[in-house]
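Data first, discussion second: the structure below is written as structure tokens.
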Number of protein chains: 2
Amino acid sequence: MVLAKKQINKENLLSEGVQLLMQQGYHGTGLKEILDAVQIPKGSFYNYFSSKESYAAEVIQHYINPFIEQLDSHLQNPELDALTALNNYFNELIVELEKAEFKGGCLLGNLMGEIGDTSDLCQKSLQLAVNRYKDLLATGLKKAQMEGTARIDKSADDMADLLVNTWQGALLRMKIEQSAEPIKQCCNDLLGDYFRV
Amino acid sequence: MVLAKKQINKENLLSEGVQLLMQQGYHGTGLKEILDAVQIPKGSFYNYFSSKESYAAEVIQHYINPFIEQLDSHLQNPELDALTALNNYFNELIVELEKAEFKGGCLLGNLMGEIGDTSDLCQKSLQLAVNRYKDLLATGLKKAQMEGTARIDKSADDMADLLVNTWQGALLRMKIEQSAEPIKQCCNDLLGDYFRV
DNA sequence: TTAATAAAAACGACCAGTCGTCTTTATTTG
DNA sequence: CAAATAAAGACGACTGGTCGTTTTTATTAA
């Protein structure tokens, strides 16, 4: 009961952190703003997290998990080949980003740029999150290779890296152009062309 | 004399801003830190700039100019074909980034992620800077197409977009991996493979 | 002397983090 | 089982310090 409430509070803090840190950045978001949003007193924050920095490190993991699950469920679909599944997954992301009117983008990309080389704690969390995500993409691409839809003269891991990086860069462009064109072009160029046999 | 000094002060503020904003971000850098570094009193800042935001917008332009000049001089080299010139230019960048031990990365990428969708002023400045840079890349790729080294079934402009975006994403990865491998792979995959005939 | 520029001082708002205190739960003792 | 004690959690007020910006004073140039 009490333990449950603590879990809920922590979960709420993490969820709100995902939104606020993604939209306003690490230094652009004060603890007060987060705590007000979830109605938790200032003094209670440090019962849940040891510092703002370690909080952000946890927010990063909390952010990436749903994406991994979503991507995985697409890849698990037995009716689709892996390359189509990847395409469908990214198209879903694009719809979401259009719905959000291109605000925020990706928490990982934003924090990599802002504090990726200044906060040790967050750097490690970002490494872990990005690599977990990249590995799943590589698994999908490997499957596409075995299905004969993806080229085999490049390793699935290298293609996954390229896809992650281009996607991140395209999200940055999306933010300043306020347009879905960069992220659509990313999918067309890589999934629709370069990765194909 | 006075006008000249004012110009020098402003120039120093912009140069220092490039370094600090790139390494610590917009919200992570206080005006005091910048002013202390160039030894200009805090009260004098608003004699040079109307706000921190408009200052950052000017810093962005001040940042990109040398890159455009550097890239342009490579492309102007009459002894090299354009694709080789582009490769040489990016290899120079990689050397610089290794020398800096992967700290900072690119001011444009970092600020796109942090404030690219929250500051109108900086968003416009980022648009201008990125597009000026991208257009020059497209010019180089167009030249490579005419020289027969780059594929012509994709427009030079689209390839330039892809190159900019992948480069930006690779820089983010570089920051958290503390390695030049992502940016090297970007060059290998695009300039060394995908863009070639 | 007047106008323009520079810089000092001060502004309220906000920052991450800590404090002592109070309440609730867990453990020990009779 | 109950009472006493200990530990843990929750909490708002407050810390010193910094934020970007404005107002006021001092200096310079015309």
Side-chain angles (χ1 to χ4, degrees), chain A residues 1-14 16-60 110-111 114-115 118-123 125, chain B residues 1-14 16-60 110-111 114-115 118-123 125:
Chain A
M1 173 60 173
V2 171
L3 260 175
K5 189 192 171 193
K6 176 166 182 174
Q7 283 298 105
I8 289 170
N9 277 347
K10 193 167 175 178
E11 153 83 23
N12 286 343
L13 280 170
L14 291 173
E16 193 64 39
V18 165
Q19 295 304 316
L20 290 177
L21 292 184
M22 181 166 62
Q23 284 165 22
Q24 312 181 7
Y26 179 82
H27 292 295
T29 307
L31 289 182
K32 187 180 184 307
E33 190 175 359
I34 300 165
L35 290 158
D36 284 354
V38 295
Q39 301 200 71
I40 289 176
K42 185 73 184 290
S44 300
F45 177 82
Y46 292 89
N47 295 330
Y48 300 102
F49 304 97
S50 62
S51 67
K52 186 190 183 185
E53 191 185 5
S54 80
Y55 165 68
E58 285 199 45
V59 169
I60 288 164
N110 298 351
L111 291 190
E114 187 185 356
I115 54 169
T118 53
S119 159
D120 277 8
L121 220 55
C122 291
Q123 180 176 93
S125 184
Chain B
M1 172 59 174
V2 173
L3 259 175
K5 188 188 170 193
K6 177 165 182 174
Q7 283 297 105
I8 288 171
N9 278 346
K10 192 168 176 179
E11 154 81 22
N12 286 344
L13 280 170
L14 291 173
E16 193 63 39
V18 164
Q19 295 305 315
L20 290 176
L21 291 183
M22 181 167 61
Q23 284 166 23
Q24 316 183 35
Y26 180 82
H27 291 295
T29 307
L31 289 182
K32 184 182 185 307
E33 194 175 358
I34 300 165
L35 290 158
D36 285 353
V38 296
Q39 301 200 70
I40 290 176
K42 193 171 184 183
S44 300
F45 178 81
Y46 291 89
N47 297 329
Y48 301 101
F49 304 97
S50 63
S51 68
K52 187 190 183 184
E53 190 185 7
S54 81
Y55 166 68
E58 285 198 44
V59 169
I60 289 165
N110 298 350
L111 291 189
E114 187 185 356
I115 54 170
T118 53
S119 160
D120 278 7
L121 220 53
C122 291
Q123 179 176 93
S125 184

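From a predicted model like this one, the values you see are computed outputs, not experimental measurements. Chain naming here is simple, since letters A, B, ... match the order of the sequence lines and numbering starts at 1 in each.
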Is there a donor-acceptor contact under 3.5 Å from the side chain of N110(A) to the main chain of G25(A)?
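Here the side-chain-to-backbone pair does not exist.
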
Strictly distance-based, threshold 3.5 Å: is any side-chain N or O of E114(A) a donor or acceptor partner for the main-chain N or O of H27(A)?
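Indeed, once roles are kept as given, a pair shorter than 3.5 Å links the two residues.
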
Donor/acceptor link under 3.5 angstrom from K42(B) side chain onto base of dA8(C):
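For K42(B), whose side chain was compared with the base of dA8(C), there is no donor-acceptor pair (under 3.5 Å).
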
Considering only heavy atoms and no angle criterion, is a donor-acceptor pair shorter than 3.5 Å present between the side chain of K52(A) and the base of dG17(C)?
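Absent.
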
Using whole Å, what does the distance between atom [atom2] of nucleotide [N] and atom [atom1] of [X] come to?
X: Q7(B); N: dT5(C); atom1: CD; atom2: C1'; result: 15 Å
X: N47(A); N: dT23(C); atom1: CG; atom2: P; result: 17 Å
X: Y26(A); N: dC15(C); atom1: OH; atom2: P; result: 13 Å
X: F49(A); N: dG17(C); atom1: CZ; atom2: C1'; result: 16 Å
X: I8(A); N: dA10(D); atom1: CD1; atom2: P; result: 12 Å
X: L35(A); N: dA10(D); atom1: CG; atom2: C1'; result: 13 Å
X: L21(A); N: dA16(C); atom1: CG; atom2: P; result: 11 Å
X: Y55(A); N: dG17(C); atom1: OH; atom2: C1'; result: 16 Å

Approximate separation, where rounding is to 0.5 Å, of Y46(A) OH and S54(A) OG
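Y46(A) OH to S54(A) OG: 9.0 Å, rounded to 0.5 Å.
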
Residue whose nearest DNA chain C nucleotide is more 5′ - L31(A) or S44(B)
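Nearest-nucleotide comparison on DNA chain C picks S44(B).
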
Contact class for [X] vs. all strands (heavy atom < 4.0 Å): base, sugar-phosphate, or nothing?
X: Y46(B); answer: base
X: K32(B); answer: sugar-phosphate
X: T29(B); answer: sugar-phosphate

Selection from dG17(C), dA10(D), dG12(D) that lies nearest to any side-chain heavy atom of Y48(A):
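Per side-chain heavy atoms of Y48(A), the pick is dA10(D).
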
Between I40(A) and F45(A), is any pair of side-chain heavy atoms under 4.5 Å apart?
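No; the side chains remain at least 4.5 Å from each other.
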
Identify the residue among L35(B), I34(B), T29(B), D36(B) that makes a side-chain contact (heavy atoms from CB on, under 4.5 Å) with K32(B).
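One option only clears the test, and that one is D36(B).
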
